[in-house]
Amino acid sequence: MSQQHPAAPAHHSTAATVAGHRDWWRDAVIYQVYPRSFADSDGDGMGDLQGVRSRLPYLRDLGVDAVWLSPFYASPQADAGYDVADYRAVDPMFGTLLDADALIRDAHGLGLRIIVDLVPNHSSDQYEWFKRALAEGPGSPLRERYHFRPGKGEDGELPPNDWESIFGGPAWTRVTEPDGSPGEWYLHLFAPEQPDFNWDHPAVGDEFRSILRFWLDMGVDGFRIDVAHGLVKAQGLPDLGSHDQLKLLGNDVMPFFDQDGVHEIYRQWRKVLDEYAGERIFVAEAWTPTVERTANYVRPDELHQAFNFQYLATEWDADELRGVIDRTLEAMRPVGAPATWVLSNHDVTRHATRFANPPGLGTQIRTAGDRGLGLRRARAATLLMLALPGSAYVYQGEELGLPDVVDLPDEVRQDPAYFRGAGQDGFRDGCRVPIPWTRRGPSHGFGDGGSWLPQPEGWAELSVEAQTGVPGSTLELYRAALAARRAHPALGAGDAVEWLPAPRGVLAFRRGDFVCVANTTGEPVTVPAYGRVLLSSDEVAGSADGSKVPADTTVWWTTAG
């Protein structure tokens, strides 16, 4: 690229500065920060790296092990930073490279690790390669680094194939050539501003290995790989044939997703990562048809973790949950990788709202539902997730019990899918509203200048200030759960649970001297008193017959003295 970049500040091994243990990622709790919605240091209404840096002590005290930052790279922001114009620069709205360096150093000083997002499937259309490819016209070597193709039809007026964008509409856009004539088409599985790289071209692999080293030299502890399943496309870019392709996503291996060729890329990346001390890691965002195919991404010479989206999409139902837990643990065991559990992120409706609605509505929901019910289930689901063997991810604000904001005015929405027909629902803004820190202030402590998406009335009492020190608050439940998880030797890493007999609609399992019971029904149930109650998402009443677990409640016991 033509732009000059300052050298990354040199860091020594993170092992010397970050407290932890070997294979820390096998049982880590990792907190996702969406930087534009976490904390705003300069009052412009947009969160930034200095804002994140100022709140690191909160995350340490919450009890997480690492922080994953969604993209903060230089970007035109056509898709909230997932359209990267420069992978080695910080977008001015978020700060500078020096701010990133200071954040990494402060985090390490607090015993926190930093994982950054990496977007290798596509770039911005403002990336230097792509701009030059357009300017140089047909035959430009730069066009070979993307998927440029002549169109079909008499005058090339039809797309090269029938693929559809995840955001809706064709996955191809026709360019105007330098002489003003209609020209070739380029592939973009997401927005037109996000052209897909051609990973068959060696320059693409070279560039991303260089990008990895840039940030590893700066001291990051790992990378979350966006669209990790999408880099390689089937040879010849064959037609798919379905006119409702989006319904197939996650159910079939697609010619543009989960192709076997991606694994060679990650084997090369792993060699780069393993050159660095401090147990740096990769985590894959890989939407695959089955957990067995997800396991392919975390074989010993590839990536370390892969989000369990099958678990995220599971309803609050004991039989369904047990099924996905068993399948996940069974699939991960042969490859020696930990299960990686997740309930919410920046792309799906928060689980406090998903569980507030009837089952079967999917992971993007437009109605608030029964908020009291949703919060009870969300709290119970969190304790269940944190009791399972492996690693877990927490999305910012879920520790406050935040619901999705389902009634944002149309004029404030910024999700690019919202403006394109027949794509994703386009309502991801609802889970991206800036989180509340204080009861008062123009944005409840997010910053002095308001917030880029309006916060709902009533969020004052959901703020960090309002919940801190309040027994039974969702924030204190998370703090207690993470402390207990870290302290109890039976929790964290592992690859199995021992299922215990339980009433219908109830999950009960043992891990050493720890027992977890999750009642997914709408009625109280009586179970044996397994020992001393460590923690529960709602009050548990003891009796001579056992313990009465309320509806939609999870309880942790220890059988130790």
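What you see below is based on every heavy atom in this structure, not just the backbone, and it leaves out hydrogens, waters and symmetry mates.
The shortest distance between side-chain heavy atoms of Val283 and His304 does not fall below 4.5 Å. Between Leu383 and Leu477 the shortest side-chain heavy-atom distance falls below 4.5 Å. Side-chain contact between Leu189 and Ser165 is absent, with no heavy atoms from C-beta onward closer than 4.5 Å.
For the ring-ring contact (aromatic ring centres under 6.0 Å, His included) with Tyr87, the lone residue among Phe223, Phe72, Tyr127, Phe214 that qualifies is Tyr127. Between Glu207 and the choices Arg145, Arg88, Arg213, the salt bridge (Lys or Arg N to Asp or Glu O under 4.0 Å) rule is met once, by Arg88.
Counted by atom type alone, Asp552 and Trp316 present one or more donor-acceptor pairs between their side chains at under 3.5 Å. In summary, the side chains of Asn121 and Asp196 do present a donor paired with an acceptor at a separation below 3.5 Å, with no hydrogens or angles considered. Side chain to side chain, Thr553 and Asn519 fail the donor-acceptor criterion of an N or O pair below 3.5 Å. Using modelled atom types, one finds no donor on one side chain facing an acceptor on the other under 3.5 Å when comparing Glu398 with Ser344. Side-chain N/O atoms of Gln194 and Asp79 include a donor and acceptor closer than 3.5 Å. In summary, the side chains of Arg209 and Gln268 do present a donor paired with an acceptor at a separation below 3.5 Å, with no hydrogens or angles considered. In this structure, a donor-acceptor pair under 3.5 Å is present between the side chains of Arg36 and Gln77. In the model, Ser123 has a side-chain atom that pairs as donor or acceptor with a side-chain atom of Tyr146 under 3.5 Å. Side chain to side chain, Gln50 and Asp99 meet the donor-acceptor criterion of an N or O pair below 3.5 Å. Inspection of the Ser124 and Glu193 side chains reveals no N or O donor paired with an N or O acceptor under 3.5 Å. Tyr31 and Glu399 share a side-chain donor-acceptor pair at under 3.5 Å. Defined by atom type and a distance below 3.5 Å, a donor-acceptor pair is present between the side-chain atoms of Asp326 and Trp499. Using a 3.5 Å distance cut-off with no hydrogens or angles, the side chains of Asp83 and Ser75 do pair a donor with an acceptor. Residues Asp258 and Tyr297 bring a donor and an acceptor atom of their side chains to less than 3.5 Å of each other. Side-chain contact of Thr382 with Tyr478: a donor-acceptor pair under 3.5 Å is present, judged by distance alone.
A salt bridge is absent between Glu498 and Arg511: the closest approach of a Lys/Arg side-chain nitrogen to an acidic carboxylate oxygen does not fall below 4.0 angstrom. The existence of a salt bridge linking Arg333 and Glu330 is excluded, since no basic side-chain nitrogen approaches an acidic carboxylate oxygen closer than 4.0 Å. Remark: Arg53 engages Asp106 in a salt bridge, criterion side-chain N to carboxylate O under 4.0 Å. Salt-bridge formation is not detected for the pair Arg322/Asp319: no Lys NZ or Arg NE/NH1/NH2 atom is positioned less than 4.0 Å from an Asp or Glu carboxylate oxygen. Comment: Arg354 does not engage Asp404 in a salt bridge, judged by the lack of any side-chain N to carboxylate O separation of less than 4.0 angstrom. Electrostatic pairing of Arg299 and Glu302 counts as a salt bridge here, judged by a charged N lying under 4.0 Å from a carboxylate O.
Formation of a donor-acceptor pair under 3.5 Å by the Arg280 side chain with backbone atoms of Val220 is found in this model. Formation of a donor-acceptor pair under 3.5 Å by the Thr353 side chain with backbone atoms of Thr349 is not found in this model.
Contact between Tyr311 and Val342 at its shortest, heavy atoms only, is CD2-O, 3.7 Å. Closest of all the heavy-atom pairs between Asn345 and Cys431 is O-SG, 3.6 Å. Closest non-hydrogen pair, Met254 versus Leu240, comes out as CE-CD2, 3.4 Å. Across all non-hydrogen atoms, the minimal contact from Gly390 to Pro338 is CA-CB, 4.3 Å.
The aromatic ring centroids of Trp287 and Phe257 lie 6.0 Å or more from each other. In this structure, Tyr393 has its ring center under 6.0 Å from that of Phe307. In this structure, Trp215 has its ring center at least 6.0 angstrom away from the ring center of Phe208. Between Tyr395 and Trp68, a ring centre-to-centre spacing not shorter than 6.0 Å is recorded.
Relative orientation of the Trp437 and Tyr58 rings is perpendicular, given thresholds of 30° and 60° on the angle between their planes.
At most 12 heavy atoms of other shown residues, nucleotides or ligands fall within 6.0 angstrom of atom CD in Gln235.
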